[in-house]
Amino acid sequence: MYLTIEETAIFLSMPEHQVRRYIVEGRIKSVHDGEQYLINQTQFDLHLEQVEEVKRQIDEWRNTPIPEDIDVKDED
């Protein structure tokens with residue numbers, strides 16, 4: 001399935017001008033049909049899965065309690 005620049009911007013939650021810039025820079029692959037750029041939606045599936053996995057790992061890391069250091073001495 002192919003998306004337009006506008007649909008891609010909504011799908012990625014980013015401004016349209018940024019999607020256009022990424023296309024020009026070659027960071028997003030696209031096809032030009034003579035009128036508009038079309039982007040293959042499946043190229044984002046793996047990327048979005050990886051982003052979600054990183055978010056999950058960061059949340060897990062943030063929620064892990066810090067163990068008490070046995071070498072810390074209370075100096076009252």
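In what follows, residues are counted from 1 in the order of the sequence shown. As the structure is a computational prediction, the values presented were derived from the model and not from experiment.
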Quiz prompt | Glu52 (side chain) donor-acceptor with Glu49 (main chain) under 3.5 angstrom | solution =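 Between the backbone of Glu49 and the side chain of Glu52 there is no qualifying donor-acceptor contact (under 3.5 Å).
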Quiz item: Mind checking whether Arg62 and Ile58 have side chains closer than 4.5 Å, heavy atoms only?
Solution: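 Yes. Closest side-chain heavy atoms under 4.5 Å.
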Self-check item: side chain to side chain donor-acceptor pair (under 3.5 Å) partners for Gln41, two or more places apart
Solution: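 Testing Gln41 for side chain to side chain donor-acceptor pair (under 3.5 Å), a comparison that skips the adjacent residues, returns none.
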Quiz item: What residues, two or more places apart in sequence or in another chain, satisfy side chain to side chain donor-acceptor pair (under 3.5 Å) together with Arg56?
Solution: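 Per chain and number, Arg56 pairs via side chain to side chain donor-acceptor pair (under 3.5 Å) with Glu53, Glu60.
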Practice problem: Would you name the heavy atoms of Ala9 and Pro15 that are closest together and state the gap between them? | Solution: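 What the structure gives for the nearest pair is CB-C, 4.1 Å.
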In the hydrophobic clustering that connects Ile, Leu, Val, Met, Phe, Trp and Tyr at side-chain heavy-atom distances below 4.5 Å, which members other than [X] occupy its cluster, ordered by chain and number?
X	answer
Ile10	none
Val51	none
Leu38	Tyr2, Val31

Quiz item: In Å and rounded to the nearest 0.5 Å, what is the CG to CD1 distance from Leu3 to Ile39?
Solution: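 Reported value, rounded in 0.5 Å steps: 6.5 Å.
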Quiz item: Can Met14 be reached from Tyr37 by stepping across I, L, V, M, F, W or Y side chains whose heavy atoms are under 4.5 Å apart?
Solution: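 Yes: a chain of side-chain contacts under 4.5 Å links Tyr37 to Met14.
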Got a list of side-chain donor-acceptor pairs under 3.5 Å for residues 16-23, not counting sequence neighbours?
from	atom 1	to	atom 2	distance (Å)
Gln18	NE2	Tyr22	OH	2.8

